[in-house]
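The analysis underlying the following values was restricted to heavy atoms, covering all of them including side chains, and did not include hydrogens, waters or symmetry mates.
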Amino acid sequence: MLRFVRLYMLLPAVLMLVMVFYPFAANLFYTNTAIMDNRPLNEKPTEFTRNFAKEFEAYYNDTFAGRKKIISKYVKLQRSLNIDTGQYFYGQDGWIFYDSIKANNGNTLVDYYAEVYFDDDDLAKMVEGINMAYDFYAKRGIKYVIFVAPNKENIYSEFMPERMQRIRKSDISRMDKAVEYLKKHVKAEIVNAKPVILAAKEKVEQNLYFKKDTHWNNIGAYVGFDALASGLVGLGVKVSVPDLRDMNIAKGKLRDMDMEVGAREFAYQVDYLPDISVNCQANSKIESVKECVASNKKYPQRILMWSDSFAEALMPYVNKTFAYSFYAAAGLKKLSEIEAVVDETKPDIVVDELVERYFQRFANYPRIFGGEYD
C-alpha cells in the first residue's frame, strides 16, 4: 500500500517530464513539415555565430514534432471555451479583423495605420531581389508577374473600430507606396489589386470579403482576377479578361468562418467560362505542387503561381484560363527548391501572388535568388 502511495505521488512529476521531453524524443524519429500561418519554416542554422542560440530556437519552435497538432488542438479548445485569442478583434456592424502580428503572420495593423513605411534599405533590397527573380525566369523564357491582394482592413476600413480610425494616418499603405516606387525601378510587372477592389466595392451589392474571416470571397477574387488578367494581357499573354459590368452571382455554399465559432457565410459563385471543365490533383513528382488541367483549347499556356491562402478563391478563374495551372506554396527560401518546381512544371508564366501583409518578403529575394540559403 505504501509503495502504491509513493508511485501515485510521483505520477504528476512523471507526467510533467513526459510533456517536457516528448518533443525532444519524438524529434529523433520525425519533425513537423508544415506550419499553419502561411510563412516559410525557419531554417536550421549551419554556422556557429553569436546569434546561433536565437536562430536554433526559432528553427526548433517551427519544427518540433507534433507542433501542428498541438496548435490545432489548442485553437479548438480556445474556440469551444469562447476564449479571445487576441489575434482577432471586433469592428463595427459585426465585422471582425485580424491582428496578424500576434500570429507572426505579417502585420495588418502597420499596413492599416500607414504610419510606418518601408525604408530606403528595404526598397533597395526589393528592387535588387525582384530584378534577380525576373532575370532568373527570363533566362528560361518565362514571363514574371507579381500580384498583390489587399488586406481586408484596408478595403473595409470603415468598419474598423472607431478608436483605430481616429489615429489612422492615411489610406495609402506602405504596400501602395512600395508598389508605386518599384514600378519605376523593376523589370517585372506588378499588379496591385487594391484600386480595382475598392472601385468594385462601390458597385457590387454583396461583400467582397468575408465579415468574419480575413480572406476575400469568390466575388472579391473574381475582381482581383480581372486586375491580374488585364496585367497579363499587357504582357502579350492570351487570356480571357472578366467583364465586371455583367457578373452573374449566385450565393453558392455556406462556409465556416475562422474568426467566430459557429459563424457561416456564403462564399458566392461567379459564372466564368462555364463550358470549360477542370480536373485538379496533386502532382505525382512534386507532392507540394497542385496541378489543374483544363479542357481548354483556346488558351494553351502553362502558369505557375507561388501562392498563399488568398490563391484558393482565385483558382476557379485561373484554372479555366490556362491549359495547365500549378500552385506551390510561396516563401521557399532555397533557390534549388524553386528551380526544382520550375523545371518540373515548365510554366510559360509565373505569378508571385501574395496578400499585402507579406510584402516584406521581397526584401529577402537578393539572398534567395543569389543562392545564399543553398
Side-chain angles (χ1 to χ4, degrees), residues 95 145 147-156 159 191-234 237-259 263-281 290-299 301 303-305 307-327 349 351 353-356:
W95 284 74
V145 178
F147 175 73
V148 190
N151 293 339
K152 170 184 169 180
E153 292 72 20
N154 289 334
I155 297 299
Y156 287 97
F159 295 111
V191 178
N192 178 7
K194 183 176 176 181
V196 69
I197 293 283
L198 286 172
K201 172 189 162 189
E202 301 303 319
K203 300 175 182 178
V204 178
E205 179 182 351
Q206 298 86 349
N207 295 327
L208 306 183
Y209 284 60
F210 295 110
K211 290 182 68 172
K212 302 180 187 298
D213 190 302
T214 190
H215 298 92
W216 55 17
N217 57 29
N218 289 336
I219 306 175
Y222 184 84
V223 176
F225 177 69
D226 173 80
L228 175 59
S230 298
L232 291 171
V233 168
V237 178
K238 190 176 181 181
V239 63
S240 177
V241 179
D243 186 354
L244 299 184
R245 296 169 300 178
D246 186 26
M247 285 192 287
N248 184 11
I249 301 172
K251 284 187 175 180
K253 297 180 180 179
L254 283 168
R255 170 177 157 172
D256 292 329
M257 297 292 100
D258 288 342
M259 296 183 182
R264 305 180 77 194
E265 295 180 31
F266 286 107
Y268 296 107
Q269 289 181 336
V270 184
D271 190 32
Y272 179 67
L273 302 181
D275 296 333
I276 297 176
S277 61
V278 179
N279 177 40
C280 294
Q281 58 188 1
K290 187 173 184 178
E291 175 183 339
C292 294
V293 182
S295 60
N296 190 340
K297 307 298 183 184
K298 188 175 181 180
Y299 307 109
Q301 301 101 326
I303 185 171
L304 167 63
M305 182 174 287
S307 55
D308 58 30
S309 56
F310 270 66
E312 180 182 351
L314 282 171
M315 288 175 61
Y317 317 118
V318 174
N319 291 344
K320 290 188 174 185
T321 303
F322 297 90
Y324 293 87
S325 305
F326 302 92
Y327 302 88
I349 304 108
V351 174
E353 178 272 327
L354 73 165
V355 67
E356 178 177 358

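Here NZ of Lys298 is found 10.5 Å from OG1 of Thr321. Values are rounded to the nearest 0.5 Å. In this structure, Lys320 NZ and Leu273 CG are separated by 6.5 Å, a value rounded to the nearest 0.5 Å. We find the CD1-OH distance between Ile197 and Tyr209 to be 5.0 Å, quoted to the nearest 0.5 Å.
When side chains are defined from C-beta on, Lys152 counts as touching Trp95, because their heavy atoms get closer than 4.5 Å. Side-chain atoms of Phe326 and Leu304, non-hydrogen and from C-beta on, do get closer than 4.5 Å to each other. Side-chain contact between Lys290 and Cys280 is present, with at least one heavy-atom pair separated by less than 4.5 Å. At least one side-chain heavy atom of Asn218 sits under 4.5 Å from a side-chain heavy atom of Tyr317. Side-chain atoms of Asn207 and Phe266, non-hydrogen and from C-beta on, never get closer than 4.5 Å to each other. Counting heavy atoms from C-beta outward, Phe322 and Leu232 have side chains that approach closer than 4.5 Å. In this structure, Thr214 and Met259 have side chains that are in contact, with non-hydrogen atoms separated by less than 4.5 Å. Looking at Arg255 and Asp213, their side chains come closer than 4.5 Å, going by heavy atoms from C-beta outward.
Aromatic rings of Tyr268 and Tyr222 (six-membered ring for Trp) have centroids beyond the 6.0 Å cut-off, not under it.
At most 12 heavy atoms of other shown residues, nucleotides or ligands fall within 6.0 angstrom of atom OH in Tyr324.
Asn319 and Tyr327 are linked by a side-chain donor-acceptor pair at a separation below 3.5 angstrom, with hydrogens and angles left out of the test.
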Before giving the answer on side chain to side chain contact (heavy atoms under 4.5 Å, CB included), spell out for Met247 and Gln206 the whole-Å C-alpha distance, their side-chain angles and the decisive distance to 0.1 Å. CA-CA 12 Å; Met247 285 192 287; Gln206 298 86 349; over 6 Å; no
